Q: 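Pasting in a structure now, in structure tokens, and then I'll have a few things to ask.
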Amino acid sequence: MKASQLILGTQRENPADAEITSHQLMIRAGLIRQVSSGIYNWLPIGKKVLHKVENIIRNGMDSSGAQEILMPMVQPASLWEKSGRIDQYGQELLIFFDRHENKFCLGPTHEEIITDLCKNLLTSYKQLPVTLYQIQTKFRDEIRPRFGVMRSREFIMKDAYSFDLNKTGLDESYSLMREAYIEIFKDLGLDYRIVKADSGAIGGSDSEEFHVLADSGEDLLAFSDKSDYAINAELLTELQEGQDPLSLEGKPSPDGKGVLKLKKGIEVGHIFKLGTKYSEVLNLRIQGEDQDIYPEMGCYGIGASRIVAAAIEQNHDEKGIVWPESLAPFKVALVEVNSKNNQKVKEKCEEIYALLRENNVDTLWDDRDKRPGVKFADMEVIGIPLTIIIGERTIESGHIEIKKRQDEKPELVSHQDLLSIILS
RNA sequence: CGGGGCGUGGCGCAGUCUGGUAGCGCACCACACUGGGGGUGUGGUGGUCGCUGGUUCAAAUCCAGCCGUCCCGACCA
């Protein structure tokens, strides 16, 4: 992609109403623009990153054997009346009426829809176990949206739902999905932790959260320094009857091993065992070997759009975003410096750009007629992992300059070595 | 919903107290110079000053109501 043709949307100054780093950088780097409180446009660079997140999730889900579907964002309110959650969810559920005065809501989650779908779809226990998932826009009319896409009203989420014959099966589906999540977070390249969690409004029994560690995180997590014990600090204080979560630091771990250490995290994934809660209230019965059963359900969410923000919270410096390679919108920025006075600069860039394209290296060629400083600053705020710099200097030296995003100075490499360095 | 802040060109802001018909920086367009870290000059484009009503000869400025948005809190993936 040539930068001269890309709608970049980078901004030099922080927007006045963005408080946290990821929000500021997402706007300055041209990832998002706000439409309304908690509602955002995703610009080309942002959409590329979001797409990468989605695909990593998709690959992880597919290889676990889950099957992708797509459910509607608009849901009949009657299903929520049946499940009883229309009152429980309250004002977070955005309700409206169609031209026939039928009552609908925008889906904040899809337990009702998937359970209803499976009433027709699943007819025999032989179809179990099965896990279905989607990557889709959710809407929750948050009391107070904040921090850009970190806590927005409209957001992109992967939600998966498993159906099993019995509790043993649910345990297996749950741990299969847990493993898939571990694989996904490894692929995302983020520093994360799994903690015991409260199952909240979704309901059900066992539940764990996946948190991206970041000082700006809204959740406080407690870890034993001697064992694998890890829990959302808020849940632990509830269990221990209302202490201040911060007071947990240094206290003995509830599992008897070591003392508790606290870290802040951003919740980006949550897995639940639902049991038969929804299958019973929505009457999803499946023919078993000798009698009908209510399938044991699990549900598994990952906040795709939130991951983009969380990744930035964890990976940035004073110049801008420093993407992990897995999420970078481009792998390489090719910056031409002062090509006006030296036709060879342009020619060299064309040659390298063609080489990178042939080798499927996603490259942003900054061919704009701008001062070098402007180009460097843009490539840095966007956070592209590698920058190749071509100018008169490099033409004369017969070498190519290549700089890693986190490095201060570029290194000189030969044309022959360039590709292997980039592909390594 | 309670408390606080803010709404003036795409972005950041001044002007509001003390009413006189809108300005600065960045960005953008044109030209020239410049050319390895956000360069310089000249000339431009772009604004119903959040909305509605009121006061006044005159309102960005004063008054009232409303709306939007951000932050803190309760709540929440």
Side-chain angles (χ1 to χ4, degrees), chain A residues 7-20 23-24 27-28 30 33-39 43 88-93 107-111 137-159 197-202 207-212 217-219 232 234 265-272 299-307 309-310 319-320 335-342 345 366 368-381 387-397 401 403 408-410 412:
Chain A
I7 300 300
L8 257 179
T10 52
Q11 286 176 194
R12 193 161 166 178
E13 287 175 284
N14 276 328
D17 56 7
E19 199 80 2
I20 65 166
H23 188 195
Q24 293 173 342
I27 291 168
R28 277 185 45 208
R33 289 282 170 91
Q34 183 170 32
V35 175
S36 180
S37 181
I39 300 177
L43 308 187
Q88 194 188 348
Y89 242 87
Q91 293 211 297
E92 243 180 78
L93 198 61
T109 178
H110 281 69
E111 282 81 10
T137 299
K138 297 275 187 282
F139 192 94
R140 295 181 189 174
D141 200 356
E142 286 283 337
I143 292 173
R144 183 151 87 85
R146 58 187 129 165
F147 306 146
V149 300
M150 192 74 87
R151 170 167 247 83
S152 51
R153 293 195 289 174
E154 189 177 299
F155 58 101
I156 312 280
M157 184 170 171
K158 185 283 302 176
D159 48 326
D198 187 3
S199 49
I202 307 282
S207 152
E208 290 170 293
E209 291 168 348
F210 287 66
H211 285 261
V212 168
E218 289 188 87
D219 286 291
N232 189 310
E234 201 175 327
I266 300 164
E267 183 188 350
V268 288
H270 202 159
I271 56 180
F272 301 87
C299 81
Y300 316 91
I302 296 182
S305 43
R306 181 181 279 184
I307 280 177
K319 290 175 178 169
V335 175
E336 66 175 68
V337 176
N338 193 15
S339 58
K340 267 198 171 168
N341 295 339
N342 193 331
V345 171
D366 198 344
R368 296 174 300 170
D369 182 20
K370 298 262 184 201
R371 309 280 301 191
V374 174
K375 297 189 185 191
F376 292 139
D378 269 352
M379 297 306 114
E380 281 162 347
V381 75
T387 300
I388 295 172
I389 305 154
I390 302 295
E392 283 189 292
R393 259 199 229 164
T394 43
I395 297 291
E396 282 161 20
S397 74
E401 273 177 72
K403 188 178 97 60
E408 200 53 43
K409 296 232 184 283
L412 282 174

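Per chain, numbering begins at 1; letters A, B, ... match sequence-line order. Owing to the predicted nature of the structure, the values given are computational and were not obtained by experimental measurement.
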Q: Does a side chain donor of either A:Asn232 or A:Glu209 reach within less than 3.5 Å of an acceptor in the other side chain?
A: yes

Q: Which whole number of Å gives the distance between the C1' atom of B:C57 and that of B:C17?
A: 23 Å

Q: Return the nucleotide paired to B:G2: Watson-Crick means purine N1 to pyrimidine N3 with N6-O4 or O6-N4, wobble means G-U with N1-O2 and O6-N3, both under 3.5 Å.
A: B:C72

Q: Quickly work out the A:Arg146 CZ to B:C72 P distance and round it to whole Å.
A: 6 Å

Q: What is the distance, to the nearest angstrom, from the CD atom on A:Glu19 to the P atom on B:G5?
A: 16 Å

Q: How far apart are the closest heavy atoms of A:Ser36 and A:Arg153, and which atoms are they?
A: OG-NH2, 3.8 Å

Q: Grab the CZ-C1' distance between A:Arg33 and B:A27 for me, whole Å please.
A: 11 Å

Q: Does A:Glu380 reach a base, just sugar-phosphate, or nothing at all? Heavy atoms under 4.0 Å.
A: base

Q: Within the 4.0 Å heavy-atom criterion, would you say A:Ala377 contacts the bases, only the backbone, or no part of the nucleic acid?
A: base

Q: Rounded to whole angstrom units, what separation is found between the CE atom of A:Met379 and the C1' atom of B:G36?
A: 15 Å

Q: Base, sugar-phosphate, or nothing for A:Ile389, non-hydrogen atoms under 4.0 angstrom?
A: base

Q: Closest nucleotide of RNA chain B for A:Lys370 versus for A:Gln91: which of these residues is on the 5' side?
A: A:Gln91

Q: Please work out if A:Lys340 contacts a base, only the sugar-phosphate, or nothing of the nucleic acid, heavy-atom cut-off 4.0 Å.
A: base

Q: Provide the Watson-Crick or G-U wobble partner of B:G20, both distances under 3.5 Å; none if there is no partner.
A: B:C57

Q: Can you tell me the pairing partner of B:C66 across any strand shown, Watson-Crick or G-U wobble, with both distances under 3.5 angstrom?
A: B:G50

Q: Heavy atoms under 4.0 Å, any strand shown: does A:Glu218 hit a base, just sugar-phosphate, or nothing?
A: nothing

Q: A:Asn14 near the nucleic acid: base, sugar-phosphate alone, or nothing, with a heavy-atom cut-off under 4.0 Å?
A: sugar-phosphate

Q: Without hydrogens or angle criteria, can the side chains of A:Thr109 and A:Glu111 be said to hold a donor-acceptor pair below 3.5 Å?
A: yes

Q: Mind listing the closest non-hydrogen atom pair of A:Ala197 and A:His270 along with its distance?
A: CB-NE2, 3.8 Å

Q: Could you tell me whether A:Asp369 contacts a base, only the sugar-phosphate backbone, or nothing, with contacts defined as non-hydrogen atoms closer than 4.0 Å?
A: base

Q: Could you tell me how far apart A:Lys403 (NZ) and B:G36 (P) are, to the nearest whole angstrom?
A: 17 Å

Q: Knowing that exactly one of A:Val374, A:Ile389, A:Val335 qualifies, which makes a side-chain contact (heavy atoms from CB on, under 4.5 Å) with A:Met379?
A: A:Val335

Q: Expressed in whole Å, how much space separates the C1' atoms belonging to B:A30 and B:G47?
A: 22 Å

Q: Between A:Glu408 and A:Arg306, which is nearer to the 5' end of RNA chain B once each is assigned its nearest nucleotide?
A: A:Glu408

Q: Rounded to whole angstrom, note down the P distance from B:C1 over to B:G38.
A: 49 Å

Q: Please determine if a side-chain N or O atom of A:Gln34 lies less than 4.0 Å away from the OP1 or OP2 oxygen of B:C70.
A: yes

Q: In whole Å, what separates the P atom of B:G5 from that of B:C63?
A: 15 Å

Q: Assess whether a salt bridge exists between A:Lys370 and A:Asp378, defined as any Lys/Arg side-chain N lying under 4.0 Å from an Asp/Glu carboxylate O.
A: no

Q: Work out which heavy atom in A:Phe272 is nearest to a heavy atom in A:Tyr300; give both atom names and the distance.
A: O-CE2, 4.1 Å

Q: Regarding A:Thr394, tell me which of base, sugar-phosphate or nothing describes its non-hydrogen contacts under 4.0 Å with the strands shown.
A: base

Q: I'd like to know if A:Glu13 reaches the base of B:G38 with its side chain, counting only an N/O donor and acceptor under 3.5 Å.
A: no

Q: If the C1' atom of B:U45 is compared with that of B:C67, how far apart are they to the nearest Å?
A: 31 Å

Q: With a 4.0 Å cut-off on heavy atoms, is A:Gly391 in touch with a base, just the backbone sugar-phosphate, or nothing at all?
A: base

Q: Rounded to whole Å, please give me the gap between CD in A:Glu396 and P in B:G36.
A: 12 Å

Q: Consider the side chain of A:Arg144, meaning its heavy atoms from C-beta on, and name the nucleotide among B:G35, B:A74, B:G38 that approaches it most closely.
A: B:A74

Q: Could a donor-acceptor pair under 3.5 angstrom be found where the side chain of A:Gln11 meets the base of B:G10?
A: no

Q: I'd like the P distance from B:A64 over to B:G23, given in whole Å.
A: 29 Å

Q: For A:Ile143 and B:C70, give me the distance from atom CD1 to atom P, rounded to whole Å.
A: 15 Å

Q: With sugar-phosphate meaning primed atoms plus P, OP1 and OP2, does A:Thr10 contact a base, only sugar-phosphate, or nothing at under 4.0 Å between heavy atoms?
A: nothing

Q: Using the P atom as the point on both nucleotides, what is the distance between B:C49 and B:U61, in whole Å?
A: 9 Å

Q: Taking only the side-chain heavy atoms of A:Arg12 (C-beta and beyond), determine which of B:A27, B:C72, B:G36 contains the nearest atom.
A: B:A27

Q: Expressed as a whole number of angstroms, how long is the span from A:Asn338:CG to B:G37:C1'?
A: 14 Å

Q: Using the side-chain heavy atoms of A:Ser36, tell me which of these nucleotides is nearest: B:G35, B:U69, B:C71.
A: B:U69

Q: Suppose you measure atom P in B:U69 against the same atom in B:C26; what distance do you get, rounded to whole Å?
A: 31 Å

Q: With sugar-phosphate meaning primed atoms plus P, OP1 and OP2, does A:Tyr300 contact a base, only sugar-phosphate, or nothing at under 4.0 Å between heavy atoms?
A: nothing

Q: Both distances under 3.5 Å, Watson-Crick or G-U wobble: report the partner of B:A30, or none.
A: B:U42

Q: If the test is side-chain contact (heavy atoms from CB on, under 4.5 Å), which one of A:Ile266, A:Val149, A:Val212 qualifies with A:Arg306?
A: A:Ile266

Q: When all nucleic acid strands are considered with a 4.0 Å heavy-atom cut-off, which category describes A:Asp17: base, sugar-phosphate, or nothing?
A: sugar-phosphate

